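Single-structure report; data block below.
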Number of protein chains: 2
Amino acid sequence: MNSQPSSKILDNIRQACGTCSLNSLCLPMGLSHEEMLTLDQLVKRQLIVNKGEYLFRMEHHFDYLYAIRAGSFKTFLVSEKGTDQITGFYLPGELLGFDGIEPGHHQVTAVALETSSVCQLKFDELLQIASKIQGLQRHLMAILSQRFNNQFTISVNHNAEQRIARFLLSLSERFKRRGYSADTFNLTMSRQEIGNYLGLANETVSRILAKFREQGILESHQREMHLLDLRALQMTACG
Amino acid sequence: MNSQPSSKILDNIRQACGTCSLNSLCLPMGLSHEEMLTLDQLVKRQLIVNKGEYLFRMEHHFDYLYAIRAGSFKTFLVSEKGTDQITGFYLPGELLGFDGIEPGHHQVTAVALETSSVCQLKFDELLQIASKIQGLQRHLMAILSQRFNNQFTISVNHNAEQRIARFLLSLSERFKRRGYSADTFNLTMSRQEIGNYLGLANETVSRILAKFREQGILESHQREMHLLDLRALQMTACG
DNA sequence: CGACCAGTTGAATGGGATCAATAGGAGTGG
DNA sequence: CCACTCCTATTGATCCCATTCAACTGGTCG
């Protein structure tokens, strides 16, 4: 291996991954130089998806996972009646596309909520590498396990207030983990989309945000969010 | 390798796994003799759990996955208020315990709904084997992926009728896949538990089952279920 | 047999949906 | 720059599905 090109690539990866989605996928694992190079082989970086464009579509063939570098996405499935059902929102540093593993084609459609940048990872190659790199295999399963568990944090047994409080706390938590502000952020989704995801009417989302505003829990204007009292929000989330 | 003992063990496995949970985990993969023997090493078969006993408990250390040979389980988490929230029901041939992968301790408690028999699989060893056996790794991820996807089949956007119809269809489907009857089975859980899982009051479950009975969609008495019109049930599930 | 629990059914209440009207940005074109 | 349109968000009024409270029934088990 000639060291000059290698270290150049390495610098690129370091530079790229420092602020990037793969952060959560790679860096915590303490990869060696060779392992990082191996991992870099399967990454086609800098795929740009404009607002409203599809990253992948339901029933299309599954080949890739996507790591979000910047921007945000929603995933949704189309029910028998033709109505959409939003199944998740994805922020920088998060992986999406796992829905396609089992039947071999995607179960949901992914749309960019704003102009976004993603890394494309070939799943087959990722698995091959995972079987060699200690911890990567477990890390992937951990992501899936965690995602399954988190499903129940916004549950059928919670009322509208609790669901919205939990939703906001979830966003806050995820922004914080990526180094963004935990109390001030812009929603990239509409009230309609939040409502669809939480099983509420958009009017209910509006009304409860108004209530939270009156209670001094948060300030909001359109899609700008400023959480004033995280403690109160947590109390509300618990009922 | 001395062939006599090997083939004896193999016969045991074949005999055991033919009617067993691991069916779905091992057999579809087309394992070689050596691979089956490897896999057998990590299985402690025939763990019996009586009705009401815990298989594992929330916050306890995670080490094992469990494959159900016979019987059934529910998993639940205890909320901040101290109320239970049932997160899943598990039938013969299904794996449980994945909830503990990420933080390293279980996120839910698993209780037997009837006297049950399970295989205990050491997760670390399973991963090691998975990194060697082509397909097993992907198979494990497929299980997790599928489970995540299925979460949305019983969703916040469905009314009580739809949720119960979907719940019954899900049970029917799963029984059928294991070779049991798709239209006649005993529920091992109470109305209360079904309601908790679906986010409904037990009275609502009762009422809607009564409605289905009146409509000739099913016959039921206590926990005995006999689905008469799967087509109508599917229509109801879709709304 | 009696106690207890699960299941069923009825009546009243309430949370959130729906329908409807208005307000406020954002984008477009003159 | 303003006028116009379109879409999202907000707020009010009414309705309905599911919950809650309550009474009763049937099964199971000591």
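Everything numeric in this text was worked out from a predicted model, so none of it was measured. To find a chain, count down the sequence lines: A is the first, B the second, and so on, and within it residues start at 1.
- Residue A:R191 contributes atom CZ, which lies 19 Å from atom P of C:dA23 at whole-angstrom precision.
- Computed from coordinates, the A:I164 CD1 to D:dA9 C1' distance equals 14 Å when rounded to whole Å.
- One can place CG of A:L187 at 15 Å from P of D:dT8, the figure rounded to the nearest angstrom.
- Contact annotation for B:G199: backbone-only contact, meaning every heavy-atom pair under 4.0 Å involves sugar-phosphate atoms and none involves a base.
- Computed from coordinates, the A:R163 CZ to C:dG15 C1' distance equals 11 Å when rounded to whole Å.
- Checking B:T204 against A:V205, the closest nucleotide of DNA chain C that is more toward the 5' end is the one next to B:T204.
- Here the nucleotide nearest the side chain of A:N159, chosen from D:dT19, D:dC21, C:dG16, is C:dG16.
- Rounded to whole Å, the distance from CZ on A:R207 to P on C:dT18 is 12 Å.
- When the P atom of C:dT9 is taken as reference, atom CD1 of B:I208 falls 13 Å away, rounded to whole Å.
- Phosphate contact (OP1/OP2 of C:dG25, side-chain N/O of A:H221, threshold under 4.0 Å): present.
- Between the CE atom in B:M225 and the CG atom in B:L218 there is a gap of 5.5 Å [rounded to 0.5 Å].
- Within the 4.0 angstrom heavy-atom criterion, only backbone atoms of the sugar-phosphate kind lie near A:S190; the bases stay farther away.
- Contact annotation for B:A160: backbone-only contact, meaning every heavy-atom pair under 4.0 Å involves sugar-phosphate atoms and none involves a base.
- A:L200 places its CG atom 11 Å from the P atom of C:dT18, with the value rounded to the nearest Å.
- For the pair A:K74 and A:E193, the salt-bridge criterion is met [side-chain N within less than 4.0 Å of a carboxylate O].
- For the atom pair CD of A:E173 and CG of A:N150, the computed distance is 10.0 Å after rounding to the nearest 0.5 Å.
- The phosphate of C:dG7 has OP1 or OP2 within less than 4.0 Å of a side-chain N or O from B:R223.
- Counting atom types as modelled, A:E203 pairs a side-chain N or O with a base atom of C:dC19 as donor and acceptor under 3.5 Å.
- Separating the CD atom of A:Q222 from the P atom of D:dT8 is a distance of 11 Å, rounded to the nearest angstrom.
- Aromatic ring centres of A:F62 and A:H105 lie farther apart than the 6.0 Å criterion allows.
- Checking each of A:F73, A:Y54, A:Y90, A:F56 against A:Y66 for a ring-ring contact (aromatic ring centres under 6.0 Å, His included) leaves exactly one that passes, namely A:F56.
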